[in-house]
Protein chains: 2
Amino acid sequence: MKKEKVDRRSMRAENSIKKVLEAAKALFIQHGFKDTTISMIAKHADVGYGTAYTHFPKGKDEIFLTIIEEVIADFYVVANTEYTVNSKEEAFTFIHRNITRLIELSVQHKKMLAVFYESIGISAATKEMWQDISDRFIQRIAQNVVQAMEKNIAHRNDFDEEIVAGVLFYTVENNLWKIILDQTVTPQGVIAHNITEVYTNGLYK
Amino acid sequence: MKKEKVDRRSMRAENSIKKVLEAAKALFIQHGFKDTTISMIAKHADVGYGTAYTHFPKGKDEIFLTIIEEVIADFYVVANTEYTVNSKEEAFTFIHRNITRLIELSVQHKKMLAVFYESIGISAATKEMWQDISDRFIQRIAQNVVQAMEKNIAHRNDFDEEIVAGVLFYTVENNLWKIILDQTVTPQGVIAHNITEVYTNGLYK
DNA sequence: AATGAAATTGACATCATATCAAGTTCTGAA
DNA sequence: TTCAGAACTTGATATGATGTCAATTTCATT
């Protein structure tokens, strides 16, 4: 019951797409986002210049987005993890585990994420993608801030959940970028532990 | 004892520089960083295309940096403010005041800061400038984390001061950008208060 | 008045993007 | 089997931005 593609035309197309993506991935990692051009990609992929535009009409942005999407998917999984905690201690454990998970993901995809970081400033499409992820993370964290207030285990019951969620998210985010860009020598465990400690003490009583 | 510039040549040059900067400022605010070109600036400034490069050899980056420098100077003042606190309550008051100050500065220079934000992703020079400011802020805050530990008013005495400082800095930073980019409806007082509360509860006992 | 330094200028070389008309390959209907 | 036309490929080209430079003008000094 296989539905194999014996269609030689679409096989040819698939092959072109694959070659473009593979060449692009190597070049992005080697030269970064800005300094990788469509003609470089086409040349390395051994396809005509126009071919890149045939399959990726929006050009470099679209090629890069296609490549980065699978990396980002991993982060979405974390961002979408539902969770419930009943005490400060439980929260500490949970948050610490999630930060550790994010650090691991960042290290794992370090090279492409460094390019992603560069691209956020340059490509509107990428910027939007990161904005979406950020919002999702913040909304997820905010839900737990609300839970904490409802369960009366937060310092106050009138916290603005989004601002409080931002404390955790933005701190983690920026530390992840530092790890990705090799801009820190602080051990990852120290980073995870300190952030978790300050945040849980800050929110929970 | 005036040392007036009666030198007509340098007056002419000064005038060209002034015209370029004024035109650039208006165009940057109107069109943003990326969509403002040197030829637009030269045309609006009513000088030749090459004149812009005569006075600003590094082009758009240098023109923008010159314009934004005075805005940034205000932030440096805050980043360099020495302070000492002896209790959690004092810390709360101090931090809350500083955040409020930063919010006020951001609102005051909103339009140029929005362009600045865009430029950070595009211009290496601008990115470096913001990196410097960030580092300075973090070092300043870190000093106070160390103080808190020395005075034994922190939850722990083995916090990593830079990571903890980052909790405050990155949170404030990102909320300022949201205000500057009109991406939040949360009242500024609520923002300042929530951040201060979570951070001081997080660090001080 | 003559000299040359300072300042101005726009043409030009360079480079990247995006489009497109022309050519080639392949499928499916007649 | 044939062949019309869809799918795919291709590089030339238009567009637009940057940075450089040789020619020119303005001006201070001798």
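Hydrogens, waters and symmetry mates are skipped; everything else that's a heavy atom, side chains included, is used. Order of the sequence lines sets the chain letters (A, B, ...), proteins ahead of strands, with each chain counted from 1.
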Of the nucleotides [options], which one has an atom closest to the side chain of [X]?
X	options	value
Arg12(A)	dC8(D), dT8(C), dG19(D)	dC8(D)
Lys60(B)	dT9(C), dT18(D), dC8(D)	dT18(D)
Arg8(B)	dA7(D), dA28(D), dT8(C)	dA28(D)

For the pair made of [atom1] in [X] and [atom2] in [N], what is the distance, rounded to whole Å?
X	N	atom1	atom2	answer
Asp61(A)	dA18(C)	CG	C1'	13 Å
Ile17(A)	dA7(D)	CD1	C1'	12 Å
Tyr53(B)	dA6(C)	OH	P	23 Å
Glu14(B)	dA6(C)	CD	P	15 Å
Phe56(A)	dT17(C)	CZ	C1'	17 Å
Ile122(B)	dT18(D)	CD1	P	11 Å

With Glu150(B), which residues qualify under salt bridge (charged side-chain N to carboxylate O under 4.0 Å, His left out), at least two apart?
none
Partner residues of Arg136(A) under the salt bridge (charged side-chain N to carboxylate O under 4.0 Å, His left out) criterion, sequence neighbours left out:
none
side-chain hydrogen bond (donor to acceptor under 3.5 Å, both in side chains) involving [X] - partner list, sequence neighbours excluded:
X	value
Thr37(B)	Ser39(B)
Asn201(A)	Lys88(A)
Asp132(A)	none
Thr93(B)	none

Heavy-atom neighbours of Lys25(A) NZ exceed 12 at 6.0 Å:
no
More than 12 foreign heavy atoms under 6.0 Å from NZ of Lys34(B): is that the case here?
no
Only pairs at least two apart or in different chains count here, so list each salt bridge (charged side-chain N to carboxylate O under 4.0 Å, His left out) that has a residue in residues 35-51 of chain A.
none
Keeping to residues at least two apart or across chains, list the salt bridge (charged side-chain N to carboxylate O under 4.0 Å, His left out) pairs with something in residues 106-129 of chain B.
Lys110(B)-Asp182(B)
N/O-N/O pairs, protein side and nucleotides 1-5 of chain D side, under 3.5 Å:
none

For a quick test of reading the model: is some side-chain N or O of Ser16(A) closer than 4.0 Å to OP1 or OP2 of dT9(D)?
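Yes, within the criterion.
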Would one find a side-chain N or O of His55(B) under 4.0 angstrom from OP1 or OP2 of dT8(C)?
yes
For the helix from dA1(C)-dT30(D) to dA30(C)-dT1(D), what is the angle between the axes at its two ends, each from 5 pairs, rounded to 10°?
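Rounded to the nearest 10 degrees, the bend comes out at 20°.
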Just to be sure I understand the geometry, which residues of residues 22-51 of chain B put a non-hydrogen atom under 4.0 Å away from DNA chain C?
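Contacts with DNA chain C under 4.0 Å: Val47(B), Gly48(B), Tyr49(B), Gly50(B), Thr51(B).
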I'd like to check the ring-ring contact (aromatic ring centres under 6.0 Å, His included) partners of Phe56(A); sequence neighbours left out, ordered by chain and number.
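Expected list: none.
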